[in-house]
Amino acid sequence: MSTSREAAATARRKRPTILDIAERAGVSKSLVSLALRNDLGVGVQTRERILQVAEEIGYRPHVLARALRERRTMRLGVALTSLENPYHTEVFAAVEDAADGAGLSVLLAHGKRAGGHLEERINALLDLNLDGIVVISSWADPAMLQTVSRRAPVVMIGRSLEPVDGIDSVNNDDEAGAALVVGHLAARGHSKILHLTSSLRPAGLARRHGYEAAMRAHGLEAHIRVLARTRGGALQPDLDAALADGYDAVFARNDVEAADVLDHAWDHGLAVPTDLAVVGYDDSMLARRARPRLTSVHQPRQAMGARAVELLIERIDGRLEDRHEVLSPHLVVRESAPQA
């Protein structure tokens with residue numbers, strides 16, 4: 001028994017510390033601490049040398065000690081609209097990866113596509129005394145989020161109608177993404193391009209406005225047609241009516257709705273893309289697994305999640321001014337609407 005205790009004690013003594021880093025790098029303990037916190041007072045070459053030594057000897061910061069020293073929990077909350085939409089889960093994964101890289105753990109709250117429930121879950125996160133909250137949704141009431149931000153920093157991933165004072169945001173340029181779709185379909189020779197949407201949320205409205213503006217820009221204003229349906233509502237008879245009128249391309253608000261169009265085409269003997277070209281939005285896992293594989297607008301989810309965590313850490317560290325960042329999407333072309 002004593003041998004086991006001695007072995008455990010030896011293992012604990014061998015755990016690298018900042019004193020080991022300081023000795024090996026030839027610097028002071030305080031300079032090592034500053035470098036590990038990425039303090040601007042440390043020269044670039046000195047910081048790189050310290051970080052290299054830390055990696056070589058296998059140093060890992062003691063998260064609990066850091067939390068106690070900085071009076072932080074080292075935990076972030078993430079609230080999202082729906083686990084059913086692969087876009088939301090993929091953005092959450094990006095946030096979690098970035099948080100993990102910063103030594104932070106993450107707690108998830110699911111809004112279940114209900115604004116009131118989402119707000120309840122955000123308040124529940126707040127009661128856990130977290131260091132900050134990332135909201136992957138536009139469903140939460142801005143006034144409520146402002147109240148939350150007085151107790152903990154908040155960063156929103158997703159578009160709101162107006163920027164919310166005291167809250168940072170990271171968004172995708174939805175209008176630009178819609179313009180990419182119309183431009184691609186027009187280059188394939190499509191003029192009657194239908195837009196399918198089931199959302200009146202800010203991102204959905206922005207994609208609709210982007211579609212309409214792009215159709216006008218390509219001289220196709222006479223063919224602007226929006227099929228607005230309730231969430232989960234049947235595509236028939238409206239889609240059939242559009243197809244009967246000669247519409248041979250569909251730009252769907254997201255990949256989930258684009259998959260519904262692919263299902264409709266299959267059920268009615270339509271060949272994609274020969275009879276009907278289909279384009280989605282988000283470039284989620286669904287786009288890569290659908291058959292035929294779905295052409296879709298790629299939102300930079302990894303960059304959005306990483307930037308959200310960076311902004312949150314800046315807020316935690318004391319930044320007061322608001323930041324609202326918009327990242328550019330790009331079109332990923334696949335079999336459902338290949339190049340002309």
Distance-only donor-acceptor check, side chains His88 and Ser82, under 3.5 Å: no

Electrostatic pair Glu314:Arg307 at N-O distance under 4.0 angstrom: yes

Distance-only side-chain donor-acceptor flag, Ser296 / Asp255, under 3.5 Å: yes

Any Met156 side-chain heavy atom under 4.5 Å of Val170 side chain: no

Test item: Arg315 side-chain N/O and Leu320 main-chain N/O as donor-acceptor pair under 3.5 Å: yes

Heavy-atom side-chain proximity of Ser169 to Ile157 below 4.5 angstrom: no

Close side-chain approach of Arg288 and Val332, heavy atoms under 4.5 Å: no

Heavy atoms from other residues, nucleotides or ligands near CZ of Arg121 exceed 12 (cutoff 6.0 Å): no

Modelled atom types, side-chain donor and acceptor of Glu257 and Ser198, under 3.5 Å: yes

Salt bridge present between Arg216 and Glu221 (N-O < 4.0 angstrom): no

Arg24 side chain vs Val53 backbone, donor-acceptor pair below 3.5 Å: no

Arg301 and Asp282 ion-paired at < 4.0 Å: no

Leu19, CG: over 12 other non-hydrogen atoms inside 6.0 angstrom: yes

Donor + acceptor pair across side chains of Gln52, Glu56 (<3.5 Å): yes

Sidechain N-carboxylate O distance under 4.0 Å for Asp260, Arg229: yes

Ion pair Arg208/Asp174, N-O distance below 4.0 Å: no

N-O pairing of Arg323 and Glu321 below 4.0 Å: yes

Spacing of CG belonging to Leu130 relative to CG belonging to Leu76, to within rounding of 0.5 Å: 7.5 Å

Exercise: do Asp283 and His330 side chains pair donor with acceptor under 3.5 Å: no

Cation-pi geometry met for Arg253 and Tyr281 (6.0 Å, 45°): no

Lys/Arg N to Asp/Glu carboxylate O, Asp248 vs Lys192, below 4.0 Å: no

